[in-house]
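Computed over heavy atoms, backbone and side chain alike; hydrogens, waters and symmetry mates excluded. Per chain, numbering begins at 1; letters A, B, ... match sequence-line order.
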Amino acid sequence: MVEEDEADLLVRSLEGDGGAFGTLIDRYQRVLFNVSLRMVGNAEDAKDITQTVFLKAYQNLGTFDRRHRFFSWVYRIMINESLNHLSRARRTEPLDEGMPSEGLGPDEEAAQHRLGDQVQSALLELSPDYRQVIILRHFVQLSYQEMSGVLEIPEKTVKSRLHTARQLLSDIFIKRGIAAL
Amino acid sequence: MTNPELIRIMNEKLDGIASPEDSERLRLALETSGEARDAYRKLGGVFQALEQVPMVEPPPDLKVNVVRAIRGLQSVPVRSGWLESFRAAFRKRPAFRLAYTFAAGAACGVIALVLLRGDFSGSTRPSSSVTSGAMMPPDAGRMTPVDRRELHWASGTVTARTLESAGGLVAQIECAAPVGTQIVLDYGPSFSAAGLRQEKGAANDVSIVPGRLSIRVLGAGESGYLLYLTPQAGAASSVRIDVRTAGGALGGALRTQAAR
């Protein structure tokens, strides 16, 4: 039923029904924003990336193969867009006056001690390949098979990458004394 | 013992997909090996910690921004396709070039009348992808670079250049910036705008009022604009580029040939 509903929304979006695409945005914006947030670690950047992903999805809707799952397609766009962002961010140095400080104020300092923030910080220590499997499994709750479809890698590779990522994360948690352990 | 096979079973057990046989093997290993118990406890800790990370609600304006940008995009393929096919038709038939030049000149003349009347405000939206204004774009080879300003932030870049041409000054703006970014070029009373051309990119919200060009980014990807400026007698010369992003503002001045 949900699949039919989504297929209908896609058809109507392709016919120029903005409301139908709006419904797809409603359906996916929360999870896509959170995927991006966990990938890049910054809410403003995550918002920009999520907006760009929806725009790209809309612009390329005609190329989407409806035999496949829409979420796989849109998650793939999200992962690629987040990786592109991380790549650009590494290359680009802030240059001019007027940029807000990256430093943390007292409130942010305190907040960063919370477990959630510590975990996010630990996630950012992982390489993007490992980070994305953790995010897709633990925050989006995709199965190994679904992750294989999104990442376009064999299921066996998904498993080994995920297991290694968890081991690396465990090591980071221990090194930092993260409380859940 | 925590061999790779046992690690696999531990992961699958915690993922909830371990077979009954593997579950039994794990149970036996946990009963007999302290090392296995320690490894399983650590792995379980990773799962627990990840569960503590809350889902964050997306910003309320995220959907609004996307819908607005989509509205801006919708007319683009039709308009640019029409223009490109129109140009291509003339390119393929050299005999028509003269007619094309005449038609372009006539169109510029009409636009020039609008400019001279000063009725220059309001959004140009996607139609800004065509040249508008009284001054035909000069040959890029005849423009001399005067100054350049690059503004970088985590999610975008804006490059502004001033170039001297036979007809005055040309301000070039190239941006690769997220949706919602506001770019403002202030040229004050020193210049009057003679024409604007969108060189590339998405349909953004573009407006010109006397002394100022404003661009609000509505589409993903790179955009590029050329603004043709005519110096005004007696006015001090200055051009300034400012960018407002979701995370802050940045900007700077650009030299102009007329200032020297």
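When each of B:V243, B:D242, B:L213 is checked for a side chain to side chain contact (heavy atoms under 4.5 Å, CB included) with B:I183, only B:V243 meets the rule.
Heavy atoms closer than 4.5 Å to chain B are found in both the backbone and the side chain of A:H163. At a 4.5 Å heavy-atom cutoff, the contact between A:I134 and chain B is made by side-chain atoms alone.
To the nearest 0.5 Å, the span separating CG on B:L229 from CG on B:L185 amounts to 7.0 Å. Expressed to the nearest 0.5 Å, how far CZ of A:F64 lies from OG of A:S13 amounts to 11.0 Å.
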### Task
Apply the test side-chain hydrogen bond (donor to acceptor under 3.5 Å, both in side chains) to residues B:Q172 and B:R161: give CA-CA distance (whole Å), side-chain angles for both, the deciding distance (0.1 Å), then the verdict.
CA-CA 5 Å; B:Q172 183 184 43; B:R161 295 181 184 85; 3.0 Å; yes
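Ranking A:D48, A:V119, A:N34 against chain B, the residue ahead of the rest is A:N34, based on heavy-atom pairs under 4.5 Å. Counting heavy-atom pairs under 4.5 Å between each of B:N11, B:V53, B:V66 and chain A puts B:N11 at the top. Between chain B and the residues A:R38, A:Q51, A:Q29, the largest count of heavy-atom pairs under 4.5 Å involves A:Q51.
Using a 3.5 Å distance cut-off with no hydrogens or angles, the side chains of A:R12 and A:T23 do not pair a donor with an acceptor.
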